[in-house]
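When reading the values below, keep in mind they use all heavy atoms of this one structure, side chains included, and skip hydrogens, waters and symmetry mates. Computed from a predicted structure; not experimentally measured. By convention in this document, chain letters (A, B, ...) are assigned in the order of the sequence lines, proteins followed by strands, and residues within each chain are numbered from 1.
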Amino acid sequence: MNEKKISEILILGIGNVLMGDEGVGAFVAQLLSDETFPENVRCLDGGTAGFILLGEFQSADTVIMIDATVDGQTPGTWKRIEPRYSSDYPQTLTAHDIGLKDLLDAAQILGKMPKVILYAISIAPLGKVEWGLSPQIEAVVPEICEQIKKEVQRNIENVSVIKTDN
Amino acid sequence: MARLVVDPITRIEGHLRIEAVVENGVIKDAYSSGTMVRGFELILKGRDPRDAWAFTERACGVCTTVHALASVRTVEDALNIKVPKNAELIRNLMFCTQLVQDHVVHFYHLHALDWVDVVSALKANPNDTSRIAKSISNWPKSSPKYFRDVQNRLKAFVESGQLGIFANGYWGHPAYQLPPEVNLLAVTHYLEMLEWQKELVKIHAIFGGKNPHPNYLVGGVPLSINLNEVNALNSERLNFVKKLIDDAIQIVEQVYIPDLIAVAGFYKDWAKWGGGLRNYLSYGDLPTRGYSQVDSFKFPRGVVLDRNLNEVHEVNVRDAEEIKEYISHSWYSYSGGDDVGLHPWEGETEFNFTGPKPPFKQLNVDGKYSWLKTPRWKGKAMEVGPLSRMLVAYASGNKEVQEVVNDTLKQLDVPVGVLFSTLGRTAARGLETKLVVHWMKGFYNDLIANIKNGDTKTFNDEKWDPDTWPKEAQGVGMTEAPRGALAHWIRIKDKKIENYQLVVPSTWNASPRDANNQRSAYEAALIGTPVANVDQPVEILRTIHSFDPCIACAVHLYDPQGKYVRRVQVL
């Protein structure tokens with residue numbers, strides 16, 4: 001029997017939990033940490049860190065990233081994108097994008113960039129220091145969590161062969 | 001006369017705007033503005049003091065652990081809790097890990113690009129780079145083939161059009177003075193250090209359970225020591241920490257320090273500029289006999305005034321007359337009027353934004369122009385950071401520090417006065433890193449010895465139960481963040497946080513003028529700096545980056561454009 005390495009999946013929530021809705025990615029990651037996933041799936045609240053996440057980021061084959069965006073859409077709407085370069089990311093991934101972009105660029109130049117699937121959740125533009133999410137964003141969190149779980153499932157199924165007899 | 005605006009000025013984290021007045025190619029005046037609102041203190045009111053560290057740890061994406069450390073010390077100070085020896089050592093090891101990682105990343109990934117021309121590295125002869133590398137260090141990765149491979153990788157990267165991480169440099173600017181071969185050496189180590197820092201930070205996960213937000217605990221550290229237990233701090237994990245420390249010593253001595261000295265040799269002019277303030281403050285850190293024994297600190301506490309290295313002044317952060325925050329030029333209001341200074345225990349966080357609506361051309365610097373408050377020590381402006389730590393230690397007669405500083409000055413053939421400069425600040429950061437990696441090894445050995453003697457205690461639970469607390473208490477917790485003196489002040493009433501104030505290093509350095517029109521460190525340091533080309537003010541970046549600005553914790557967070565492109569405006 002041959003064993004193929006199982007694809008490593010990292011669920012990475014980004015955002016500052018002290019900045020209200022800006023922290024939605026981090027909150028989602030915290031919620032998902034309580035779920036049971038297969039061994040090859042890790043869940044991390046990345047906060048607003050940059051380079052310090054590089055090891056975790058590069059050790060995954062697929063990163064499912066959750067982050068807030070200020071893109072003028074109705075707060076609570078979300079979209080799924082598969083960006084390749086840091087320049088493909090929504091420009092207004094709130095202010096912590098400065099660290100995040102360095103992280104992505106660093107992974108790029110080091111030659112190991114996992115596949116990234118980004119769930120970008122639109123939030124209202126007025127960033128304010130507060131703990132917790134607004135009702136509008138809170139309402140969409142269960143749906144995002146469900147989507148992420150499905151995303152994990154799809155990515156596991158996509159790994160063509162996990163164990164084969166030959 | 002040109003008014004130069006650089007906004008944002010940081011490569012990573014935070015929002016800082018510099019307005020500089022340039023006359024005949026020299027900076028005549030400068031204004032530093034934190035452009036994002038602050039106020040994490042408000043979130044802490046009414047919470048359990050034992051949880052405060054977890055909130056303050058979120059104030060910054062880079063300095064997470066130092067905020068947590070300052071916070072647990074604050075509560076321990078208020079409640080008079082002594083932490084066990086093992087906890088002191090583990091906290092020191094985490095402190096050192098963060099400092100070394102931060103300084104190496106700062107040098108190679110944030111500051112180097114102000115001195116190193118990435119595009120010029122493409123023209124280097126890898127054979128010559130190899131020869132230079134071997135002449136300055138025993139670091140094994142130094143063959144011509146190795147440098148050629150990196151150069152080819154870099155070429156492919158540049159040709160792909162996705163310059164990414166290198167997109168924001170002023171490549172080809174005449175202020176870049178390194179030969180292509182040294183540029184290639186530095187860029188190669190840029191990549192190597194990026195890989196290596198991923199390993200080093202695993203120490204935080206081992207001692208703190210996770211990254212990037214390790215766990216802290218009021219009264220000790222939240223882990224149990226059992227050399228044979230799988231889930232505890234065991235022999236395997238400790239051996240891994242030892243390996244990471246040994247690697248760090250090698251990397252710092254064979255890569256960082258030789259590179260620093262090689263690059264500095266081409267930029268001795270920068271020992272003339274960027275000095276700024278003449279006063280230096282360090283809270284000190286790395287206790288070896290308990291935090292209350294200040295004379296046991298590896299980094300001593302004190303103030304150097306007027307660059308006089310023959311005298312160190314004592315610092316008492318509890319004294320309401322020593323440390324005060326002013327808001328004359330900050331977007332806040334105080335209930336007692338905006339020209340008074342408040343000690344952080346009496347501190348107030350009431351926003352009062354009077355600035356222009358973005359986008360705007362120029363700040364009204366006669367009025368309020370920053371989200372940073374302006375801290376002062378006995379009314380004086382202070383520089384904080386690695387240079388302050390080294391100068392206070394040097395002036396305190398610390399033999400280790402004096403030796404490493406004097407040796408380096410001799411090697412570069414420069415007098416002690418060059419320390420008071422942009423170059424001196426950048427050099428001080430490297431020199432303290434060299435000391436810290438060895439101190440780390442010492443803390444590690446002490447930890448092992450302590451455990452082998454049968455002491456596995458990591459937590460003092462005497463005051464854990466809030467019923468043991470007084471009705472009211474106040475405390476202060478200090479530490480030295482990589483970028484300088486950091487302190488949190490707390491007032492506890494009825495088991496809850498009544499007031500919490502943070503005075504972070506970038507507040508000392510990047511703040512606006514005070515009520516007496518005295519400049520803080522950034523503003524002072526820029527004056528007299530030449531600017532060759534106002535459209536590409538790399539000189540401003542050199543001096544400001546030499547402080548390792550991290551405004552994220554000082555001010556946060558939201559930028560309407562959310563864009564990371566340095567906007568340079570010439571008015």
Side-chain angles (χ1 to χ4, degrees), chain A residues 14-20 22-23 26 33 44-59 68-71 84-112 123-132, chain B residues 8 10-15 36-44 47 55-62 64 98 101-102 105 109-110 153-154 157 160 162-167 190-191 194-195 197-202 204-205 210-213 349 351 552 556-564:
Chain A
I14 298 284
N16 192 336
V17 293
L18 301 184
M19 297 298 298
E22 214 267 356
S33 298
L44 181 67
D45 162 9
T48 55
F51 284 138
I52 205 165
L53 290 173
L54 189 60
E56 291 277 1
F57 187 76
Q58 287 193 306
S59 66
T69 175
V70 180
D71 59 359
R84 262 194 82 198
Y85 299 108
S86 69
S87 50
D88 300 339
Y89 283 72
Q91 238 187 12
T92 49
L93 267 174
T94 56
H96 56 251
D97 66 345
I98 293 166
L100 184 66
K101 283 201 168 129
D102 277 348
L103 167 74
L104 298 165
D105 287 332
Q108 191 76 39
I109 196 171
L110 290 178
K112 186 176 185 315
I123 62 168
L126 272 176
K128 187 159 90 169
V129 175
E130 62 188 353
W131 179 260
Chain B
T10 45
R11 282 209 174 84
I12 182 168
E13 285 294 338
H15 297 256
M36 296 294 128
V37 68
R38 171 185 186 202
F40 295 130
E41 289 91 347
L42 301 175
I43 285 183
L44 289 161
R47 293 189 185 272
F55 289 88
T56 62
E57 195 173 50
R58 301 288 177 149
C60 176
V62 175
T64 59
Q98 149 120 71
Q101 191 259 359
D102 195 273
V105 166
H109 308 111
L110 308 178
R153 225 165 105 196
L154 193 63
F157 192 69
S160 77
Q162 286 289 337
L163 208 51
I165 209 158
F166 298 137
Y190 177 108
L191 299 173
L194 212 43
E195 291 281 7
Q197 60 93 29
K198 297 194 295 196
E199 294 303 305
L200 181 69
V201 296
K202 289 179 179 166
H204 281 160
K210 61 191 173 64
N211 248 335
H213 307 109
T349 307
F351 303 139
H556 224 244
L557 187 73
Y558 157 82
D559 176 346
Q561 271 73 47
K563 238 166 106 177
Y564 174 53

Legend entry - Segment of A:Leu53 engaging chain B (4.5 angstrom heavy-atom cut-off): side chain

Inset, instruction - Kindly give the heavy-atom pair with the smallest separation between A:Leu18 and B:Ala59, and that separation in Å. - result: CD1-N, 4.0 Å

Inset, instruction - Please identify each residue that fulfils salt bridge (Lys or Arg N to Asp or Glu O under 4.0 Å) with B:Lys202, with sequence neighbours left out. - result: B:Glu199

Inset, instruction - With B:Arg58 as the cation and A:Trp131 as the aromatic partner, state whether NZ or CZ is under 6.0 Å from the six-membered ring centre and within 45° of the axis. - result: no

Legend entry - Atom group of B:Leu191 that falls short of 4.5 Å from chain A, counting heavy atoms: both

Legend entry - Atom of B:Arg153, atom of A:Ile109 and distance for their closest heavy-atom approach: NH2-O, 3.4 Å

Inset, instruction - First locate atom CG of A:Leu110, then atom OH of B:Tyr190, and finally report the distance between them rounded to the nearest 0.5 Å. - result: 8.5 Å

Legend entry - Rounded distance (nearest 0.5 Å) linking atom CD of B:Glu195 with atom CD of A:Gln58: 6.0 Å

Legend entry - chain A contacts, top residue of B:His204, B:Gln197, B:Lys198 (heavy-atom pairs, under 4.5 Å): B:Lys198

Inset, instruction - Kindly give the heavy-atom pair with the smallest separation between B:Pro212 and A:Gly46, and that separation in Å. - result: CG-O, 3.5 Å

Legend entry - Main-chain N/O of A:Ile52 paired with B:Asn211 side-chain donor or acceptor, under 3.5 Å: no

